[in-house]
Number of protein chains: 2
Amino acid sequence: MAFTYAYPHPAVATDIAVFTLRRGALNVLLIERAGEPFKGAWALPGGFLQPDEELDACARRELQEETSVEAEVLVHFGNFSAPGRDPRERVISVAYLALLASDELRLQADTDAAQAQWFALDALPELAFDHAMILKHALAALGARAREIQPLFALLPPRFTLSQLQGAYEAVIGEEAEKRNFRKMVATLACVRETEDFVHGAHRPARLYEPA
Amino acid sequence: MAFTYAYPHPAVATDIAVFTLRRGALNVLLIERAGEPFKGAWALPGGFLQPDEELDACARRELQEETSVEAEVLVHFGNFSAPGRDPRERVISVAYLALLASDELRLQADTDAAQAQWFALDALPELAFDHAMILKHALAALGARAREIQPLFALLPPRFTLSQLQGAYEAVIGEEAEKRNFRKMVATLACVRETEDFVHGAHRPARLYEPA
DNA sequence: ACGACTTAGTGTCGTCAATACACAAAGATG
DNA sequence: CATCTTTGTGTATTGACGACACTAAGTCGT
């Protein structure tokens with residue numbers, strides 16, 4: 001089957017930088033490429049736009065197919081269009097940022113992806129294509145959004161302690177926050193509602209909160 | 001000449017919402033479509049991505065070709081990919097926002113395409129395609145950026161008075177600002193440098209400032 | 001020339017958010 | 001039951017933001 005056009009058309013693909021929290025640190029989901037080019041290298045999940053498919057839907061579908069991950073938050077943060085960025089043909093990459101709660105880490109690879117794996121940001125492998133640059137932009141976009149707190153909920157379970165929320169905030173922002181000031185900020189934003197339940201750990205129980 | 005691919009490829013185009021200030025109000029640049037579809041309707045300037053052309057360059061080129069306008073600031077703010085948005089074929093629109101100083105309003109009346117014209121936002125004609133929605137998103141993106149003041153410089157001449165800057169701010173934000181508070185904010189941001197020159201108008205001369 | 005007009009430009013106060021800082025409360029563990 | 005660790009709170013200071021009224025400087029009309 002062949003598709004013919006009067007003018008050259010680029011291929012259009014989505015690439016997704018999926019982040020989660022593991023042991024308090026931000027991790028990104030990468031797949032090992034099963035085919036050429038860059039066979040065996042690590043890359044962001046992603047793939048080609050299908051006919052009559054919206055870009056958002058493409059990102060969601062590719063993520064599901066390649067890693068069996070259902071993203072809660074999916075945000076477009078940029079396009080990458082350098083002519084030589086894919087050696088096969090011209091590919092415009094529409095880049096998305098996704099956040100995932102840490103307890104939904106069931107990973108599973110399919111044929112496009114030999115395997116999917118989480119990587120801490122300070123232990124990244126070499127990345128295929130221009131994905132290192134895409135990832136850098138994803139982190140910047142994520143940092144810019146995190147100050148509104150709301151996006152962080154996607155990194156946490158449905159109910160969470162304020163310490164967990166602060167941990168997510170610190171991991172994304174990349175710096176530490178004062179506990180009392182952070183709690184005051186959250187209170188000012190009025191973006192969480194306290195529940196009547198507590199989580200009992202090794203020490204004083206912590207109250208659970210949920211998104212307001 | 002024909003271009004054939006093993007899988008369907010969408011067309012990729014850029015559309016640009018160019019804003020400027022005219023008589024203190026924000027205006028947007030529209031072109032009258034010379035051909036089908038939507039012949040005779042008004043639309044955002046834009047056009048198809050060429051082989052080996054970056055998206056940013058495509059937006060800049062199309063703007064120049066269709067309206068003879070050289071954009072100072074060009075910012076990507078979203079993609080539009082609804083399958084039916086162009087009746088001819090699948091077209092992914094990569095949308096840009098541009099700002100132009102008001103004294104560079106030489107529009108070419110005799111371009112090959114129909115005419116280009118500025119429209120105040122409260123006197124818009126019906127727009128072709130989904131350009132009304134794209135424009136709505138452009139305004140939202142512009143409003144979000146304007147609070148940092150810096151982007152507004154592109155709407156003004158190289159040197160400007162604080163009243164002009166405030167006028168641009170108000171036009172973009174869509175609400176009035178207190179003169180003293182605005183000046184204090186600008187002073188805090190330290191984003192302008194005062195010059196030794198004054199502009200002499202009908203009344204007390206105003207000091208000229210330039211981007212810091 | 002001079003008074004009226006119009007725009008440029010400034011100071012203060014109250015409020016509220018952001019920063020820094022120290023201690024009490026609650027439960028787990030040995 | 002003493003100790004340890006984590007949760008959770010109050011206060012003082014600073015700096016930004018909002019509201020508010022007046023002086024400064026030059027033009028224009030008479």
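Letters A, B, ... are given to chains in the order of the sequence lines, protein chains preceding strands, and every chain is numbered from 1. Reckoned from all heavy atoms, side chains included, excluding hydrogens, waters and symmetry mates. Since the structure is predicted, the reported quantities are computational estimates derived from the model, not experimental observations.
Considering only residues two or more places apart in sequence or on other chains, A:Y209 meets the ring-ring contact (aromatic ring centres under 6.0 Å, His included) condition with none of them. Remark: B:A41 pairs with B:F38, B:A128 by the side chain to side chain contact (heavy atoms under 4.5 Å, CB included) rule, at least two apart or across chains. The side chain to side chain contact (heavy atoms under 4.5 Å, CB included) test applied to A:F198 returns A:H200, A:P205, A:R207, not counting sequence neighbours. For the ring-ring contact (aromatic ring centres under 6.0 Å, His included) test, residues two or more places apart in sequence or in another chain that qualify with A:H137 are A:F80.
Residue pairs meeting the salt bridge (charged side-chain N to carboxylate O under 4.0 Å, His left out) criterion with at least one member in residues 155-169 of chain B, sequence neighbours excluded: B:R159-B:D197. Among residues at least two apart or in separate chains, side-chain hydrogen bond (donor to acceptor under 3.5 Å, both in side chains) pairs with a member in residues 170-187 of chain A are A:Q166-A:E170. For residues 49-61 of chain A, every residue pair satisfying the side-chain hydrogen bond (donor to acceptor under 3.5 Å, both in side chains) rule, not counting sequence neighbours, is listed here: A:E53-A:R61, A:E54-B:S81, A:D56-A:Y96, A:R61-A:E65. Screening residues 115-128 of chain A for salt bridge (charged side-chain N to carboxylate O under 4.0 Å, His left out), with sequence neighbours left out, gives no hits.
Taken residue by residue, residues 160-169 of chain B places heavy atoms nearer than 4.0 Å to DNA chain C at B:S163. Within residues 176-186 of chain A, the residues having any heavy atom under 4.0 Å from DNA chain D are, by residue number, A:K179, A:R180, A:R183, A:K184. Contacts with DNA chain D (heavy atom under 4.0 Å) in residues 197-208 of chain A: A:H203, A:R204, A:P205, A:A206, A:R207, listed by number.
Protein chain B touches strand DNA chain D; the 5'-most and 3'-most nucleotides with an atom under 4.0 angstrom of its non-hydrogen atoms are D:dA16 to D:dT27.
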